[in-house]
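What follows is a single structure, written as structure tokens, with notes after it.
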Amino acid sequence: FAATMVGSLLSSLASGWVLSRVPVWAYCAVGGVLAALGMLSYLGPSWVLIVALTFVTGVGAGTLNGGFNTYVAAHYPASRMN
């Protein structure tokens, strides 16, 4: 749980800086790939691998959260964000 939370927190905090340098679609694509790769943690043969991959899942989730929020804020009215 802690590894997922730390990964999500770090990627969410960095999302503004990264999104000022890359397009939103690319940011969301990377987030989706990271989240999918992190889901492999369920198949991990060792505890260390499971924790490392859950960190990757958190990074992917935080990336998707920041990317989708940025996309919706830029393309839709504020009522859609809620």
Side-chain angles (χ1 to χ4, degrees):
F1 178 73
T4 305
M5 182 198 62
V6 169
S8 180
L9 178 67
L10 290 176
S11 64
S12 293
L13 289 174
S15 67
W17 183 81
V18 175
L19 281 167
S20 68
R21 289 159 174 75
V22 299
V24 175
W25 67 266
Y27 188 72
C28 289
V30 168
V33 168
L34 287 174
L37 288 174
M39 294 297 170
L40 294 174
S41 65
Y42 297 115
L43 304 174
S46 70
W47 179 250
V48 175
L49 184 61
I50 290 171
V51 172
L53 287 175
T54 56
F55 176 80
V56 173
T57 302
V59 170
T63 301
L64 286 171
N65 186 24
F68 287 149
N69 284 342
T70 300
Y71 179 81
V72 171
H75 293 91
Y76 295 100
S79 62
R80 292 284 175 107
M81 281 292 286
N82 294 329

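Distance check, rounded to the nearest 0.5 Å: CG of Leu64 to OG of Ser8 gives 10.0 Å. To the nearest 0.5 Å, the span separating OG1 on Thr4 from CG on Leu9 amounts to 12.5 Å. Separation of atoms OG1 (Thr54) and CG (Leu40) is listed at 12.0 Å; rounding is to 0.5 Å. Distance OG/Ser15 to CZ/Phe68: 13.0 Å, rounded to 0.5 Å.
A donor-acceptor pair is defined here as one N or O able to donate and one able to accept, closer than 3.5 Å; such a pair exists between the side chain of Asn69 and the backbone of Asn65.
When the side chains of ILVMFWY residues are joined at heavy-atom separations under 4.5 Å, either directly or via intervening members, Phe55 and Val33 end up in two distinct hydrophobic clusters. Tyr71 and Tyr27 fall within the same hydrophobic cluster, defined by Ile, Leu, Val, Met, Phe, Trp and Tyr side-chain heavy atoms under 4.5 Å apart, directly or through other members. Hydrophobic clustering, with ILVMFWY side chains joined whenever heavy atoms are under 4.5 angstrom apart, keeps Trp25 apart from Leu34. No single ILVMFWY cluster, assembled from side-chain heavy atoms under 4.5 Å apart, contains both Val6 and Ile50. In the hydrophobic clustering of ILVMFWY residues, with side-chain heavy atoms under 4.5 Å counting as a link, Val22 and Leu10 come out apart.
Under the 4.5 Å side-chain criterion, counting only non-hydrogen atoms from C-beta, Val56 is not in contact with Val59. Considering only heavy atoms from C-beta on, Val51 comes within 4.5 Å of Trp47 through its side chain. Side-chain contact check for Leu19 versus Val24: some heavy-atom pair is nearer than 4.5 Å.
Here the closest heavy-atom approach between residue Gly58 and residue Ser11 is recorded as O-OG, 3.9 Å.
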